[in-house]
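Owing to the predicted nature of the structure, the values given are computational and were not obtained by experimental measurement. Numbering starts at 1 and runs along the sequence shown.
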Amino acid sequence: MIAEGSDRYPNVTAEDWVTYADHVVIATAVDDEALPLDEEDAANGEGAVDRMVTMQVDDVVWTSADPCREAPATFEWSGWGWALKNGERIEMAAEDEPRVEVDHTYVMALVYEPEFTDGGTLYPASWGGLGSDAIIPYDGTELGVGEVQGTVQSEATSPDPDAVDYSLEDEMTGTSVEELVTALNDATPGTRGDFGPTWRAND
């Protein structure tokens, strides 16, 4: 099932990445688990089953000049889970986006989000991504090779550079991590807008 979601931060350009990310890492999914359904969804056999993925950081390839926290060794990632219909689980994924599955590796732009409260619910501090264009499959030596939408891509496919949604991720497809890092180092951070549940506790 193809799902849709909203990005928390701008993440289309290199400037977006270096403005909002604390770190860019190479990380491998090492474990995942389905989160419990609420009682009503469980009783009805309908709803969404969330999934939490444990990520192991293999390398930190870029760091902001003023990161909110040091890069983590491991972190928990909220991956696409399942839609529950008539009691049956149906895998969910976003179009042309990694589902983030165990034993696959990705390049991720991470931002540290401090604890915040929304609607009376307390959300603990956590590491998150900037958005859909800030996670790139990386099972081999080329960006864009690996898991996308739950399926393994054995070779990188470069998108049309004239497409309206062409992004840094698209530009880097088929290139190396070193070339991505060069693009980030050449980019100039912009002014941070009011995105996500909060920005930094020390801003």
Side-chain angles (χ1 to χ4, degrees), residues 3-35 48-82 92-102 104-119 121-138 143 146-149 167-169 172 180 184 187 189-203:
E4 293 184 356
S6 299
D7 289 338
R8 290 190 172 190
Y9 301 91
N11 60 98
V12 173
T13 67
E15 287 74 16
D16 291 336
W17 284 40
V18 300
T19 299
Y20 291 99
D22 287 302
H23 306 280
V24 175
V25 303
I26 299 171
T28 299
V30 295
D31 194 15
D32 67 350
E33 65 173 339
L35 299 183
V49 182
D50 294 327
R51 183 172 63 103
M52 192 61 67
V53 186
T54 301
M55 305 297 299
Q56 172 186 290
V57 174
D58 304 318
D59 195 9
V60 181
V61 298
W62 179 89
T63 293
S64 167
D66 60 342
C68 194
R69 294 287 189 279
E70 291 185 1
T74 62
F75 60 95
E76 299 301 306
W77 180 268
S78 180
W80 291 106
W82 301 266
M92 295 175 65
E95 188 172 2
D96 297 325
E97 183 181 327
R99 191 167 182 271
V100 185
E101 297 194 335
V102 172
H104 290 284
T105 300
Y106 308 86
V107 172
M108 297 172 150
L110 299 181
V111 58
Y112 182 82
E113 295 185 333
E115 176 184 285
F116 70 100
T117 301
D118 184 20
T121 300
L122 177 65
Y123 293 88
S126 64
W127 289 97
L130 300 185
S132 57
D133 286 319
I135 173 170
I136 306 175
Y138 188 60
L143 295 168
E147 181 270 319
V148 177
Q149 206 173 300
S167 65
L168 175 67
E169 176 190 5
M172 291 293 110
L180 171 63
L184 296 177
T191 301
R192 294 168 181 158
D194 184 18
F195 296 97
T198 183
W199 185 232
R200 298 172 186 263
N202 60 355
D203 268 5

Evaluation steps, side-chain contact (heavy atoms from CB on, under 4.5 Å), between D22 and L110: CA-CA 6 Å; D22 287 302; L110 299 181; 5.8 Å; no
Step-by-step side-chain contact (heavy atoms from CB on, under 4.5 Å) determination, I135 to Y106: CA-CA 6 Å; I135 173 170; Y106 308 86; 4.1 Å; yes
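Partners of Y138 according to the side-chain hydrogen bond (donor to acceptor under 3.5 Å, both in side chains) rule, which considers only residues two or more places apart in sequence or in another chain, do not exist here. Qualifying side-chain hydrogen bond (donor to acceptor under 3.5 Å, both in side chains) partners for D7, counting only residues two or more places apart in sequence or in other chains: N11, S132. Evaluation of the ring-ring contact (aromatic ring centres under 6.0 Å, His included) rule for H104 yields no partner, not counting sequence neighbours. Remark: A34 pairs with V49, W82, R89 by the side-chain contact (heavy atoms from CB on, under 4.5 Å) rule, at least two apart or across chains. Partners of W80 according to the ring-ring contact (aromatic ring centres under 6.0 Å, His included) rule, which considers only residues two or more places apart in sequence or in another chain, do not exist here. When the salt bridge (charged side-chain N to carboxylate O under 4.0 Å, His left out) test is applied to E76, no partner is found at least two apart in sequence or on another chain.
Between Y123 and F116, the ring-plane angle classifies as parallel under the 30° and 60° cut-offs.
Of all non-hydrogen atoms in E147 and R99, the two that sit nearest each other are OE2-N, 2.8 Å. Closest heavy-atom contact between A187 and V18: CB-CG2, 3.9 Å. The minimum heavy-atom distance between V100 and A29, with the atom names listed, is CG1-CB, 4.4 Å. Scanning both residues, P137 and V148, for their nearest heavy atoms gives CG-CG2, 3.4 Å. Heavy-atom minimum distance, W77 versus M52: O-SD, 3.4 Å. Of all heavy-atom pairs spanning M55 and M108, the tightest one is CE-CE, 3.6 Å.
Atoms CD and CG, on Q56 and D31 in that order, are 11.5 Å from each other to the nearest 0.5 Å. With rounding to the nearest 0.5 angstrom, the OG1 atom of T28 is 3.5 Å from the CG atom of D58. The line from CG of L143 to CD of E169 is 9.0 Å long, rounded to the nearest 0.5 Å. In this structure, the separation between CD on E101 and CD on Q149 is 11.0 Å, given to the nearest 0.5 Å.
Residues W62 and L180 form no side-chain contact, since every pair of their non-hydrogen atoms from C-beta on lies 4.5 Å or further apart. Proximity of D16 to L130: side-chain heavy atoms (C-beta onward) are nowhere separated by under 4.5 Å. Looking at heavy atoms from C-beta onward, T13 lies out of side-chain contact with L168 at the 4.5 angstrom threshold.
The ring pair (Phe, Tyr, Trp, His ring centres under 6.0 Å) test with H23 is passed by exactly one of Y112, W17, W127: W127. For the pairing with V24, the side chain to side chain contact (heavy atoms under 4.5 Å, CB included) check across L184, V60, D59, I136 returns one residue only, L184.
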